[in-house]
Amino acid sequence: MAVQRTFSILKPDATRRNLTGAVNAVIEKAGLRIVAQKRIQMTKAQAETFYAVHSARPFFGELVEFMTSGPVVVQVLEGENAIAAYREVMGATNPANAAEGTVRKLFAESVGENTVHGSDAPETAAIEIAQFFAGNEIVG
Ligand code: IDP
């Protein structure tokens with residue numbers, strides 16, 4: 001499997017509870033390398049663009065509100081098979097279904113406030129990375 005990059009967000013529930021270091025420790029322990037990282041306040045427009053695929057879902061408004069409710073940490077992670085590897089590290093969307101040791105099992109509060117985002121495919125990873133990072137901000 002080739003080295004890949006994936007896009008990650010430590011969501012507002014993680015920054016609010018001062019958990020960014022704890023989540024990063026799980027990420028790094030899993031062998032993923034944080035090759036870009038910055039703390040930002042997402043705008044409503046950024047959140048709507050980022051989650052456009054979910055715009056018809058009943059929870060869309062709540063999701064945009066949550067993602068703009070406080071700072072987030074956006075990241076690029078690099079490693080072998082990084083997209084699937086990070087999905088594994090994150091755990092199921094609903095923390096009630098997340099496996100032991102995953103970020104969402106360890107830290108997430110609910111299906112909405114679930115601590116982390118990770119890209120689901122190479123195409124979306126490329127689009128999501130480009131939404132938040134210039135090429136020269138990523139240092140592998
Ligand atoms: P993922 O983050 O595990 O890829 P998706 O199904 O792509 O999960 O959903 C995107 C995000 O939308 C979730 O991480 C979560 O924050 C939010 N979300 C998903 N389902 C629900 C729901 O039923 N209620 C509220 N928020 C939800």
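Sequence positions, counted from 1, serve as the residue numbers for this chain. Just follow the structure's listing: the first ligand is 1, and inside any ligand the first atom is 1. Hydrogens, waters and symmetry mates play no part in the numbers below; they use all other heavy atoms, side chains included.
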Leu63 heavy atom under 4.0 Å from ligand 1: yes
contact_flag Arg57 ligand 1 heavy-atom lt 4.0 Å: no
Plane angle bin for Phe59 and His54 - parallel if under 30°, tilted between 30 and 60°, otherwise perpendicular: tilted
Under-4.0 Å heavy-atom contact with ligand 1, by part of Met90 that carries it: neither
Within the 6.0 Å centroid threshold, strictly below: Phe50 and Phe7: yes
Only heavy atoms of [X], strictly under 4.0 Å: list the atoms of ligand 1 that pass.
X	result
Asn114	13 (C), 14 (O), 15 (C), 16 (O)
Arg104	1 (P), 2 (O), 3 (O), 14 (O)
Arg87	1 (P), 3 (O), 4 (O)
Glu62	25 (C)

Could you identify the single nearest non-hydrogen protein atom to [atom] and state the distance to 0.1 Å?
atom	result
atom 18 (N) of ligand 1	Phe59 CE1, 3.5 Å
atom 15 (C) of ligand 1	Val111 O, 3.2 Å
atom 10 (C) of ligand 1	His54 NE2, 3.4 Å
atom 16 (O) of ligand 1	Gly112 O, 2.9 Å
atom 3 (O) of ligand 1	Thr93 OG1, 2.6 Å

Presence of salt bridge, Arg16 and Glu113, under 4.0 angstrom: yes
Lys105 bridged to Glu100 by N-O distance under 4.0 Å: yes
Any side-chain donor near an acceptor of the partner, Asn114 and Glu109, under 3.5 Å: no
Nitrogen or oxygen atoms of His117 and ligand 1 under 3.5 Å apart: no
Heteroatom distance test (Lys11, ligand 1): nitrogen or oxygen, under 3.5 angstrom: yes
cation_pi(Lys38, Phe133) dist<6.0 Å, angle<=45: yes
Does [X] have more than 12 heavy atoms from other residues, nucleotides or ligands lying within 6.0 Å of its [atom1]?
X	atom1	result
Arg33	CZ	no
Glu88	CD	no
Glu80	CD	yes

